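The figures that follow rest on heavy atoms only: side chains count, while hydrogens, waters and symmetry mates do not. Everything quoted here is computed from the prediction, not taken from an experiment. In the text below, chain A, chain B and the rest are named by the order of the sequence lines, each starting its count at 1.
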Protein chains: 2
Amino acid sequence: MSAADPVRRGRPGYDRRGLLDAAVAVFNESGYDGTSVAALAARLGLSKAALYHHFSSKEEILETALDEALDGLEGVLAATDAVRPGDRLAAVLEGAVGVLVAHLPSVTLLLRVRGNSEVERRALERRRAFDQAVTAIVRAAQEEGAVRADVDASVATRLLFGMVNSLVEWYRPSGPEGAEALARDVLAVALDGLRTR
Amino acid sequence: MSAADPVRRGRPGYDRRGLLDAAVAVFNESGYDGTSVAALAARLGLSKAALYHHFSSKEEILETALDEALDGLEGVLAATDAVRPGDRLAAVLEGAVGVLVAHLPSVTLLLRVRGNSEVERRALERRRAFDQAVTAIVRAAQEEGAVRADVDASVATRLLFGMVNSLVEWYRPSGPEGAEALARDVLAVALDGLRTR
DNA sequence: GTCTATAGACCGATAGAC
DNA sequence: GTCTATCGGTCTATAGAC
């Protein structure tokens, strides 16, 4: 696992990555708006100046984290490009769960964004585009006959991702449920329903 | 419909109900913590003192709204007391969608509470108890054979209510979808899944 | 005159800017 | 380290509909 790690040189302390993770954790605890840069620096045990050495603004931290989450989600779409709609929907759901688990803090931050700044609005716009792409997949899967047609594609997409996104409210990687088991359960409920037959 | 309305007497203006609705709307826009009493009063076009005539504290406004949402949800459990687990689960889901639609602002507020005060923690505790009651219903439905047993009851409950609760993010009563159609779609996806058979 | 809703001046505490 | 703006909240008096 250390093959990709460049050897850490110079004065020890946070690097950009570590600082990002720590800051996002604080944002998720106290809210982005509710966290002042001073409070953030204090929580991380360093000075504001040290913080601004790694990021040029509080908002750049936010933007970096949101990009991480959005890149992950958009990557799922790109990776399933060639799959037929019915199977692709399942693959996208599974991939989204994977991204959510692998980047839980940044996705959590993303899902709480309400559009209070230009950065937040851009993130919301990318989310909207992602939703629309998934809606198109659902619609194609309906036309293919793989997905029931008596639920509007847009409503279905929102319900599916409502379920997936709610994972950030309770799922913890340290818990009893592994990521694969979680994805399996989500696919089972979303595609086949909870009712026995 | 006016039979139950006591004739409004005294100086015209907000009554407690109207003020509550307006305040909750503002809280949902800017966040409870992010809304100062001064800002709230300004938004509603009255003075802080007038506000405190109707509510004894900012937190009492929050508590009243959270109680409304929680009373609604708990009422669904009470109303389906005698139904057998399998059907009861469906009835609870349908009822929860109904409560969410009928009390969208207060439920929205409830779902954003993070436990920053005693009032918020009590609300979270009631939510937790509600979740546990539903989990027990799911488990009973599994033992009855009405619900698939290969998904943990607690996980299933969280996924179901993740889907239901996500409605506050996008559903608007003014939109094209009525409350009944919405409940139908939720039940369809939750119980029978999106896949055709 | 009674009822309800309202305004303005003001308080102590504190968080954030400088 | 100090200083100021803002926080939630209070007190007292009044405005308007029946």
Colleague: Write out all pairs satisfying salt bridge (Lys or Arg N to Asp or Glu O under 4.0 Å) with one or both partners inside residues 186-197 of chain A, taking only residues at least two apart or from two chains.
Modeller: A:D192-B:R195, A:D192-B:R197, A:R195-B:D192, A:R197-B:D192
Colleague: Give every residue pair that meets the side-chain hydrogen bond (donor to acceptor under 3.5 Å, both in side chains) criterion with at least one member in residues 31-41 of chain B, sequence neighbours excluded.
Modeller: B:D33-B:N116
Colleague: Could you tabulate the donor-acceptor pairs under 3.5 Å formed by side-chain atoms of residues 39-52 of chain A, not counting sequence neighbours?
Modeller:
unit_1: A:R43; atom_1: NH1; unit_2: A:E29; atom_2: OE1; d: 3.1
unit_1: A:R43; atom_1: NH2; unit_2: A:E29; atom_2: OE2; d: 3.4
unit_1: A:S47; atom_1: OG; unit_2: A:A50; atom_2: N; d: 3.1

Colleague: What range of DNA chain C does chain B touch, first nucleotide to last, counting atoms under 4.0 Å from its heavy atoms?
Modeller: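 Answer, 5' to 3': C:dC3 to C:dG8.
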Colleague: With sequence neighbours left out, write down each residue that passes side chain to side chain donor-acceptor pair (under 3.5 Å) with A:S30, or none if nothing qualifies.
Modeller: none
Colleague: Only counting residues at least two apart or in another chain, list the ones meeting side chain to side chain contact (heavy atoms under 4.5 Å, CB included) with B:T196.
Modeller: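 With sequence neighbours excluded, B:T196 shows a side chain to side chain contact (heavy atoms under 4.5 Å, CB included) to A:R148, given in chain and number order.
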Colleague: What pairs with B:A123 under side chain to side chain contact (heavy atoms under 4.5 Å, CB included), at least two apart in sequence or on another chain?
Modeller: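 B:A123: side chain to side chain contact (heavy atoms under 4.5 Å, CB included) contacts with B:L66, B:L70, B:L110.
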Colleague: Quick one: salt bridge (Lys or Arg N to Asp or Glu O under 4.0 Å) pairs with a partner in residues 103-119 of chain B, sequence neighbours left out?
Modeller: A:E169-B:R114, B:E118-B:R121
Colleague: Output side-chain donor-acceptor pairs under 3.5 Å for residues 170-188 of chain A, partner residues at least two apart or in another chain, one line each.
Modeller:
unit_1: A:Y171; atom_1: OH; unit_2: A:E177; atom_2: O; d: 2.9
unit_1: A:R172; atom_1: NH1; unit_2: A:V168; atom_2: O; d: 3.4

Colleague: Keeping to residues at least two apart or across chains, list the side-chain hydrogen bond (donor to acceptor under 3.5 Å, both in side chains) pairs with something in residues 75-93 of chain B.
Modeller: B:T80-B:R88, B:R84-B:E144
Colleague: If the helix axis at each end comes from five base pairs, how far does the helix from C:dG1-D:dC18 to C:dC18-D:dG1 deviate from straight, to 10°?
Modeller: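 Roughly 30°, once rounded to the nearest ten degrees.
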Colleague: Are any non-hydrogen side-chain atoms of A:R139 and A:T157 less than 4.5 angstrom apart?
Modeller: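 Of all side-chain heavy-atom pairs linking A:T157 with A:R139, none is under 4.5 Å.
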Colleague: With 3.5 Å as the limit, what N/O pairs link the protein to nucleotides 4-8 of chain D?
Modeller:
unit_1: D:dC7; atom_1: OP1; unit_2: B:S36; atom_2: OG; d: 3.4
unit_1: D:dG8; atom_1: OP1; unit_2: B:K58; atom_2: NZ; d: 2.9
unit_1: D:dG8; atom_1: OP2; unit_2: B:V37; atom_2: N; d: 2.6
unit_1: D:dG8; atom_1: N7; unit_2: B:K48; atom_2: NZ; d: 3.2
unit_1: D:dG8; atom_1: O6; unit_2: B:K48; atom_2: NZ; d: 3.4

